[in-house]
Amino acid sequence: VSLVGPGEEPIVLDVPTAPVRVPTTRRYLMCAPEHFTVAYSINPWMDPTRPISTALAVEQWTALKETYEGLGHRVETIQPEPGLPDMVFAANSGTVVDGRVLGSRFRAPQRAAEADHFRRWFLANGYRDVVMPERTNEAEGDLAWTGRYLLAGTGFRTDPLAHAEAQEALGVPVISLQLVDPRYYHLDVALFVLADDLVAYYPEAFSPGSLRVLERLFPDAVVATEEDAACLGLNAVSDGRHVVLPVEAVHLAGEVAKRGFEPVFVDISELRKSGGGPKCCTMELRD
Ligand code: ARG
């Protein structure tokens, strides 16, 4: 900004272009990918004929966990179970808002047993208000808490009737959003929450009506590109300042940096072969 008075030299003020983003300490639940593999295909990313390195997945997951701890967050872990190769994607097994838990019910029979392992973890870890859904509900895979609304995806996994169940169980206003691209089969690969009432999303993943809902609710949103979405860049985790996202998501990282956030890159190449990224591995415990 330059101010010019009559007969004066211009005064150039250094006006910050983005607000200062303040992180808050988070508590996450994660599950080590000790039994990770791609044994079946329930989304277009999964090709069971491609080789998978479980050791590399464990290495990448450990680096993700250490990234959170390095940012000052607390990470709880749940014991991985043999025969449940997708259990690493902890975000699909529960939605916790204000200490209330809504568990999950998986669409694919191959993942069904995960839900009860997490239900028992919640009960063993002091949660008293734990509701298990009647309808297919893949938890934070399709449910995103903005601090005001619970954004709820449907189209591939979570049943639209599960959205009403979530509203009752958690006592929060639910906004249903229709997903239309099978590569972005969960809401959390198409949208993430940067800060209270600020999101980033990939427009093409949504139906025209749902896109208008997003534009209406979040006129300041970060709008992601095809390349941001294609590396699962939207499967990111923000603590209000730091945004943990896949290393390939350079364009998206630049966009969030312009808004005052600090991108923190992680390599999730092995987990992406199952259609997952940082957020899928991370359930937030909002106690
Ligand atoms: N292979 C898993 C599935 O298709 C990946 C889940 C990723 N999780 C997520 N929150 N998007 O169910």
Side-chain angles (χ1 to χ4, degrees), residues 28-69 75-94 104 106-118 121 136 138-142 156-158 179 181-190 192 202 205 226-237 244-250 252 264-283:
Y28 299 128
L29 177 59
M30 298 179 71
C31 179
E34 271 168 44
H35 308 291
F36 176 72
T37 188
V38 176
Y40 48 81
S41 179
I42 54 172
N43 71 53
W45 301 82
M46 301 174 85
D47 174 0
T49 65
R50 230 168 133 198
I52 293 287
S53 165
T54 303
L56 181 55
V58 170
E59 202 177 290
Q60 293 177 343
W61 177 89
T62 304
L64 175 65
K65 178 171 176 282
E66 288 171 358
T67 298
Y68 293 137
E69 289 165 341
V75 180
E76 311 291 347
T77 54
I78 179 173
Q79 181 68 39
E81 295 291 330
L84 294 176
D86 275 337
M87 197 172 164
V88 57
F89 301 117
N92 299 145
S93 286
S104 69
F106 285 89
R107 171 141 184 244
Q110 296 96 326
R111 297 197 65 186
E114 294 176 41
D116 200 54
H117 289 293
F118 281 83
W121 185 91
T136 298
E138 297 199 358
E140 288 194 323
D142 275 319
F156 298 99
R157 301 288 183 91
T158 298
L179 297 164
D181 182 334
R183 283 173 305 165
Y184 309 112
Y185 57 94
H186 268 152
L187 181 67
D188 76 354
V189 288
F192 74 101
Y202 175 51
E226 162 75 56
E227 52 158 357
D228 295 331
C231 62
L232 295 182
L234 290 153
N235 198 246
V237 176
V244 176
L245 79 178
V247 64
E248 297 85 358
V250 279
L252 184 59
V264 178
F265 291 114
V266 289
D267 184 358
I268 47 92
S269 59
E270 210 57 19
L271 297 160
R272 190 165 44 224
K273 293 178 182 170
S274 190
K279 171 59 210 171
C280 299
C281 298
T282 313
M283 179 200 294

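Numbers for residues simply follow the sequence, beginning at 1.
The nearest pair of heavy atoms linking P51 to K273 is O-NZ, 3.3 Å. Heavy-atom minimum distance, A249 versus G233: CB-CA, 3.8 Å. Here the closest non-hydrogen pair linking G276 and N235 is C-OD1, 4.3 Å. Shown here for G94 and E140, the closest heavy-atom pair between the two residues is O-CG, 3.6 Å. Here the closest non-hydrogen pair linking R272 and P246 is NH1-CB, 4.2 Å. Scanning all heavy atoms of the two residues, the minimum distance from Y40 to P85 falls at CE2-CG, 3.7 Å.
Here NZ of K65 is found 6.0 Å from OG1 of T77. Values are rounded to the nearest 0.5 Å. Between the CG atom of D142 and the NE2 atom of H186 there is a distance of 4.5 Å, given to the nearest 0.5 Å. Note that CE of M30 is 11.0 Å distant from SG of C280, once rounded to the nearest 0.5 Å. Annotation: the span from E248 atom CD to D267 atom CG amounts to 6.5 Å, rounded to 0.5 Å. Distance check: F156 CZ to R183 CZ gives 10.5 Å after rounding to the nearest 0.5 Å. To the nearest 0.5 Å, the span separating CD on E270 from CD on Q60 amounts to 6.0 Å.
Of the possible polar contacts, none joining the N43 side chain to the P182 backbone as a donor-acceptor pair under 3.5 Å is found. For the pair W61 (side chain) and E34 (backbone), a donor-acceptor distance under 3.5 Å is absent. Formation of a donor-acceptor pair under 3.5 Å by the K279 side chain with backbone atoms of T282 is found in this model. Not a single donor-acceptor pair under 3.5 Å links the side chain of T136 to the backbone N or O of R157.
Side chains of L245 and F192 form no contact here, defined as non-hydrogen atoms less than 4.5 Å apart. Under the 4.5 Å side-chain criterion, counting only non-hydrogen atoms from C-beta, M283 is not in contact with I78. A heavy-atom distance below 4.5 Å is found between the side chains of V244 and V264. With a 4.5 Å cut-off on side-chain heavy atoms, I42 and Y185 do not count as touching. Residues C281 and F89 form a side-chain contact, since some pair of their non-hydrogen atoms from C-beta on lies under 4.5 Å apart. Taking 4.5 Å as the limit, some side-chain heavy atom of I52 sits within range of a side-chain heavy atom of F36. Under the 4.5 Å side-chain criterion, counting only non-hydrogen atoms from C-beta, F118 is in contact with M87.
When the side chain to side chain contact (heavy atoms under 4.5 Å, CB included) test is applied to F106, the partners found at least two apart in sequence or on another chain are N92, S93, S104, R111, E114, A115, E138.
Within a 6.0 Å sphere centred on CZ of R107, other residues, nucleotides and ligands contribute 12 heavy atoms or fewer.
Taking the six-membered ring where the residue is Trp, Y202 and Y184 present perpendicular rings, their angle passing 60° and hence far from 30°.
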